[in-house]
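Remember, predicted model here, so these are calculated numbers, not experimental data.
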Amino acid sequence: MRPSPGELHEHTRHRIPIEWRTPAQRLLSDFPATHAPWLDHPLPRFPALEHDLAVDVVIVGAGLTGITTAYLLKQEGVRVALLDRARVAAADTGHSTAHLTYVTDDRISELVARFGRECAQAFWEGGRAAIDEIERLAARTGAQCDLRRVPGFLHAPRNGRSHGRELERLERDADLARDLGFDTRFIREVPMMGRAGVRFADQARFHPRKYLEPLLRAIDGDGSFVFEHTTFEGVNELPVSVRANGHNIRCDYIVIATHNPLMARDGVVSAAAFRSRFSLYTSYVLGADIPGKRTPEALFWDTNDPYDYARVDSPAAGDSQYVIFGGNDVKSGQEPREMPESREAFAIVEARLKDIVPDATVVDRWLGEVVVTDDGLPFIGENAHREFIATGFCGNGFTLGTLSAMLARDRYLGRDNAWFEHFRVDRRLPFAP
Ligand SMILES: Cc1cc2nc3c(=O)[nH]c(=O)nc-3n(C[C@H](O)[C@H](O)[C@H](O)COP(=O)(O)OP(=O)(O)OC[C@H]3O[C@@H](n4cnc5c(N)ncnc54)[C@H](O)[C@@H]3O)c2cc1C
């Protein structure tokens, strides 16, 4: 028996079915050890769409973003249809490292320089509000999802930048974030990493599929539906309906939550222009056992670009900890195509982990894709008439996916929300005239 993330009990290893995999994962389809432990938690199965129907809102994509959107709308008495071309919560949501944090890929000082204090603060406040919302939903649905508040540490890397200059910058970032209302402090030695860093209080971690299970169960029924193996094919106008699996779903409103952006219609931004504002990066992850209980449960990110990240869990059973460690991101399409080189990418990550924890034993390897925007902010908002899109979450898809769900609900219900303005789909680059 080995401990797994949070309270995960021992599981049977299985290969990820091909249709759940991202293109990068398909490259590794013959790599027997590729395995994200979250997928061991089974979720209910849902039928494929086999007839026409009518609802209020169609949500395309059943990862955390789509599931949360459908759940929040249903709670407001809205009839929803949630569609996924494969299985629910199996794509990126099943391959994440499940840090819940407001600390973004771009540092707070970079965000303030690019967008000003108000926008940078709103961006981080959005992440903080999303962690609170996840906590609220887990309590309301009774999800047993290993949700726990833990600190997060942004720290100087063990290799790379000059330590002296990095130290000063970290100190300034800690002051700036505190000034903007976040509970942070500079510390000389981050646990496990042995480097200076910033400590962020009240971040969190959870098990994504355990969290989403009760939400999914609550969506289906009473005029609302969840469909798997149901592919979005396009939109018919007047009256608006979504085409999927050769059938039509009449609706008032469409939410696109496919992560890798899919534009149902050209609107304030054309699909081609929109695509030019994203890049996809493949990130490599290891899960490893470490003997004893010597490190506090926490989240970690170093200040390299691309950065390495870690999450340490202490399962109640056993006398060991489980560390999730990842990084070595490469632009998708430019990742190693041959098996030996893919092994090489994991070997680099393993060497970095062993530099920090020499006695770690790697038990899981997996990878996935992050969608990175050209200005570091997500795209969350309406693109076309009665069409809402949510994407570009960089490494913060669970907090920003949750925030997107709150915004999609409020937009559909005609409620005002202060975050609408910051994440507009038709915003320009900050340096554009
Ligand atoms: C290695 C790694 C580590 C990460 N770590 C973190 C982390 O620690 N914290 C964090 O917050 N975020 C993290 N992320 C990012 C996060 O996992 C994603 O941003 C998040 O899962 C996106 O959720 P989603 O629901 O938007 O998309 P997904 O989970 O990818 O779901 C989109 C769904 O849309 C479906 N779909 C696509 N096209 C169609 C179509 N035409 N018709 C019907 N369905 C369709 C897909 O099948 C899929 O199920 C990480 C990502 C990776 C790869």
Does Ser276 reach the main-chain N or O of Ala273 with its side chain, forming a donor-acceptor pair under 3.5 Å? yes
If we ignore hydrogens and angles and just use 3.5 Å, is the side chain of Ser279 paired with the main-chain N or O of Val372 as donor and acceptor? no
Fit a plane to each ring of Phe388 and Tyr253, take the angle between them on a 0 to 90° scale, and name the class: parallel (under 30°), tilted (30 to 60°) or perpendicular (over 60°). tilted
Counting N and O atoms only, with roles assigned by atom type, does the side chain of Gln203 sit under 3.5 Å from a partner on the main chain of Leu299, one being a donor and the other an acceptor? no
Within 45 degrees of the axis of the six-membered ring of Phe325 and under 6.0 Å from its centre: does Arg352 put its NZ or CZ there? no
A side-chain contact here means heavy atoms from C-beta on lying under 4.5 Å apart; do Tyr281 and Cys394 qualify? no
I'd like to check the salt bridge (charged side-chain N to carboxylate O under 4.0 Å, His left out) partners of Glu421; sequence neighbours left out, ordered by chain and number. Arg424
Distance from Ile219 atom CD1 to Phe225 atom CZ, nearest 0.5 Å? 13.0 Å
So does His99 get a backbone contact from the side chain of Arg311, meaning a donor-acceptor N/O pair under 3.5 Å? no
Interatomic distance, CZ@Arg149 vs CG@Leu100, rounded to 0.5 Å, equals 8.5 Å
Asn248 side chain to Asp52 backbone, donor-acceptor under 3.5 Å: no
Salt bridge check: are Arg114 and Asp375 linked by an N-O gap of less than 4.0 Å? no
When you measure from the side chain of Asp105 to the backbone N and O of Tyr307, does any donor-acceptor pair fall under 3.5 Å? no
Whether the side chain of Lys74 engages the backbone of Gly221 through a donor-acceptor N/O pair (distance < 3.5 Å, no angle test) should be reported. yes
State the CG-CG distance between Asn304 and Asp302, to the nearest 0.5 angstrom. 4.5 Å
Are any non-hydrogen side-chain atoms of Val363 and Tyr322 less than 4.5 angstrom apart? yes
Single hit among Leu215, Asp92, Thr402 for side-chain contact (heavy atoms from CB on, under 4.5 Å) with Leu64: Thr402
Both conditions, 6.0 Å and 45 degrees, for the charged tip of Arg409 above the ring of Tyr71: are they met here? no
Tell me if a side-chain donor or acceptor on Trp38 pairs with a main-chain N or O of Arg209 at a distance below 3.5 Å. no
Quick check: closest heavy atoms across Leu180 and Arg117, and the distance to 0.1 Å? CD2-NH2, 3.6 Å
Are any of the side-chain heavy atoms of Cys251 and Val57 separated by less than 4.5 Å? no
Could you please spell out the steps behind the side chain to side chain contact (heavy atoms under 4.5 Å, CB included) verdict for Leu413 and Glu76? CA-CA 9 Å; Leu413 296 175; Glu76 299 285 345; 3.6 Å; yes
In the structure I gave you, are the side-chain heavy atoms of Ser109 and Arg172 within less than 4.5 Å of one another anywhere? no
Should Arg128 and Asp202 count as side-chain neighbours, where that means a heavy-atom distance under 4.5 Å? no
Is any side-chain heavy atom of Val269 closer than 4.5 Å to one of Arg277? no
Would you call the rings of Phe182 and Tyr102 parallel, tilted or perpendicular, taking 30° and 60° as the class edges? tilted
With ring-ring contact (aromatic ring centres under 6.0 Å, His included) as the criterion, how do Phe423 and Phe123 come out once you've worked through the C-alpha distance, each side chain's angles and the decisive distance to 0.1 Å? CA-CA 9 Å; Phe423 306 135; Phe123 190 15; 5.8 Å; yes
Does Arg250 have more than 12 heavy atoms from other residues, nucleotides or ligands lying within 6.0 Å of its CZ? no
Between OG1 of Thr104 and CG of Leu111, what distance do you get to the nearest 0.5 Å? 4.5 Å
Any donor-acceptor N/O pair, Asn396 side chain to Val103 backbone, under 3.5 Å: yes
Between Phe278 and Phe379, is the ring centroid distance below 6.0 Å? yes
Which word best sums up how the rings of Phe206 and Tyr211 line up, parallel for under 30°, tilted for 30 to 60°, or perpendicular for over 60°? tilted
Are side-chain heavy atoms of Leu72 and Leu137 found at a separation under 4.5 Å? yes
When rounded to the nearest 0.5 angstrom, what is the spacing between CE in Met192 and OG1 in Thr295? 5.5 Å
Salt bridge or not between Glu213 and Arg217? Use side-chain N to carboxylate O under 4.0 Å. yes
Assess whether side-chain hydrogen bond (donor to acceptor under 3.5 Å, both in side chains) is satisfied between Arg275 and Asn260, documenting all intermediate values. CA-CA 9 Å; Arg275 281 223 154 250; Asn260 189 351; 3.2 Å; yes
Would you call Asp374 and Arg428 a salt bridge, using N to O less than 4.0 angstrom? no
Salt bridge present between Arg136 and Glu133 (N-O < 4.0 angstrom): yes
Kindly check if the number of other-residue, nucleotide or ligand heavy atoms within 6.0 Å of CD (Gln75) is above 12? yes
Would you confirm whether Asn417, through its side chain, and Trp419, through its main-chain N or O, come within 3.5 Å as a donor-acceptor pair? yes
Is it true that, when you exclude Glu110 itself, more than 12 heavy atoms of the residues, nucleotides or ligands shown sit nearer than 6.0 Å to its CD? yes
Pairs involving residues 126-147, ordered by first then second residue, that meet ring pair (Phe, Tyr, Trp, His ring centres under 6.0 Å) (sequence neighbours left out): none
For the residue pair Tyr412 and Asp56, establish whether any side-chain heavy-atom pair is separated by less than 4.5 Å. yes
Value rounded to 0.5 Å, distance of CG in Leu353 from CG in Leu286: 6.0 Å
Under the ring-ring contact (aromatic ring centres under 6.0 Å, His included) rule, what do Phe46 and Phe227 come out as? Steps first, then yes or no, please. CA-CA 5 Å; Phe46 298 95; Phe227 295 109; 9.1 Å; no
